[in-house]
Amino acid sequence: MTSDPETSSPVRLREVISAMPDYQPGKAAAARPGVRTYKLSSNENPYGPLPSVLAAIADGARSINRYPDMAVVALRERISQALDVPVECIATGTGSVAVLAQIVQAACDAGDEVVFAWRSFEAYPLVTQVAGAKAVMIGLDADDRHRLDAMAAAITPRTRVVLVCTPNNPTGPCVHGDELEAFLDTVPNDVIVVLDEAYVEFVRDPEAVRGLEVWRDRPNVVVLRTFSKAYGLAGLRVGYAVAHPPVASAVRKTAAPFGVNSLAQVAAIASLDAFDELSERVDSLVAERDRVVGALTDQGWKLARSDANFIWFGLRAESTAFAEACEAAGLIVRVLGEDGVRVTIGEAAANSRLIEVAEAFGAR
Ligand SMILES: *Cc1c(COP(=O)(O)O)cnc(C)c1O
């Protein structure tokens, strides 16, 4: 093993880690005099925290000299009550990305395979690589949906985990209940199937899979949820898995000790207590999504159906040009390779500006 030529450091790292590119932080919004900038690049909730959630955080701040509850008992009990799921089936982590990494780490030895659609959530290849596993990426269909038949065909004796992102980040459509059931019937029951429902609160498609119902009857299914999107707690880092006890327990074993901090725990509980208020906000974001999609469709845009809090412009080679047009109007958006541009539904003024930019750019 030779040292890294760039730093000429003698330390030995795992080869998969050395081979990974460094994280590229998103571009900060360039300040433009007189133009308010909106960050529509990370699918964040544009609403600030509810007063009741802020109060819980302020109260919790009085005891930050103490370690958090390592077993996350109160929050897990509150989630268990909200979802009507036994508490031993809930495993938390510092965001559902971390929970996903814990699942892959618990299931995969070096060279084992993780199957997922592509393009999908950018974290999937990364958590797979870090675990030393091999990513098996299956292209989306012409409607930007998962090709579950091709994913089933890609399963081998080395496959340990299949990731299903519904609705799919960044393209928007959700997986339907009937197609998922048919898919699961073909998956060996020792392979974990993760349903990543990060955007489930925004789903309005009546045919969408209902992850928890599927989970109840299938020991190999895991549902992933997060407080980062609909609940607006992205900065606090808390998410969870609903899994049958052996898998939930494995996810707890692979967690960083005391990862979910005490403020995140109390804020998540307060958010579940304030579910009605938060779901009004979700409804208004869904109404904004429908307004934007309606306006763009009237302009002639052909868009994939989105059941999440973002819209996908599958512009291929024109992606950068569109993102530049957005940025010139003060909208920071996410370009994903040469596949397209993902734009989060934000404040009404930001969404109206997106409609104007899209009209000036010209429908595709
Ligand atoms: C945002 C997102 C998550 C959740 O991220 P955390 O903030 O780590 O909870 C998980 N999956 C997908 C597909 C996402 O878009």
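By convention here, the first residue in the shown sequence is residue 1. Every number for a ligand or one of its atoms is a count from 1 in the order of the listing.
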Residue pair Tyr47 / Ser284, side-chain donor-acceptor N/O under 3.5 Å: yes
Starting from atom 15 (O) of ligand 1, find the nearest protein heavy-atom neighbour and note its residue, name and distance. Tyr199 OH, 2.6 Å
I'd like to check whether Thr94 has a polar contact with ligand 1, where a contact means an N/O of the residue lying under 3.5 Å from an N/O of the ligand. no
With a cut-off of 4.0 Å, which atoms of ligand 1 are near a heavy atom of Ala198? 2 (C), 3 (C), 10 (C), 11 (N), 12 (C), 14 (C)
Distance under 4.0 Å to a non-hydrogen atom of Ser228: what atoms of ligand 1 satisfy this? 6 (P), 7 (O), 9 (O)
Tell me, yes or no, whether the heavy-atom count around Ile64 atom CD1, taken from other residues, nucleotides or ligands under 6.0 Å, exceeds 12. no
Under 3.5 Å between any N/O of Val97 and any N/O of ligand 1: does that happen in this structure? yes
Per atom 11 (N) of ligand 1, closest listed option by heavy atom (Asn169, Asp196, Leu100): Asp196
In terms of side-chain geometry, is the basic nitrogen of Arg225 or Glu197 positioned less than 4.0 Å from the acidic oxygen of its partner? yes
Looking only at N/O atoms, are Thr226 and ligand 1 under 3.5 Å apart anywhere? yes
Measure the distances from the heavy atoms of Ala234 to every atom of ligand 1 and state whether one is below 4.0 angstrom. no
Of Asp190, Val104, Ile192, the residue whose pairing with Arg160 passes side-chain contact (heavy atoms from CB on, under 4.5 Å): Asp190
Show the atoms of ligand 1 that are less than 4.0 angstrom away from any heavy atom in Arg237. 6 (P), 7 (O), 8 (O)
Heavy-atom nearest neighbour in the protein, as seen from atom 1 (C) of ligand 1, with distance rounded to 0.1 Å: Lys229 NZ, 1.2 Å
Is there a heavy atom of Phe227 sitting under 4.0 angstrom from any atom of ligand 1? no
Numbering the atoms of ligand 1 from 1, which are under 4.0 Å from a heavy atom of Cys165? 13 (C)
I'd like to know if the side chain of Asn169 pairs up with that of Arg342 as donor and acceptor (distance under 3.5 Å, no hydrogens or angles considered). yes
Please indicate whether Tyr67 has more than 12 foreign heavy atoms, meaning atoms of other residues, nucleotides or ligands, lying under 6.0 Å from its OH. no
Touching ligand 1 at all, Ser96? Heavy atoms, strictly under 4.0 Å? yes
Please check if any side-chain donor atom of Asn351 sits under 3.5 Å from a side-chain acceptor atom of Tyr38, or the reverse. no
Might you confirm whether atom CZ of Arg216 has over 12 heavy atoms from other residues, nucleotides or ligands at distances under 6.0 Å? yes
Under a 3.5 Å cutoff, is there a donor and acceptor pairing between the side chains of Asp205 and His176? yes
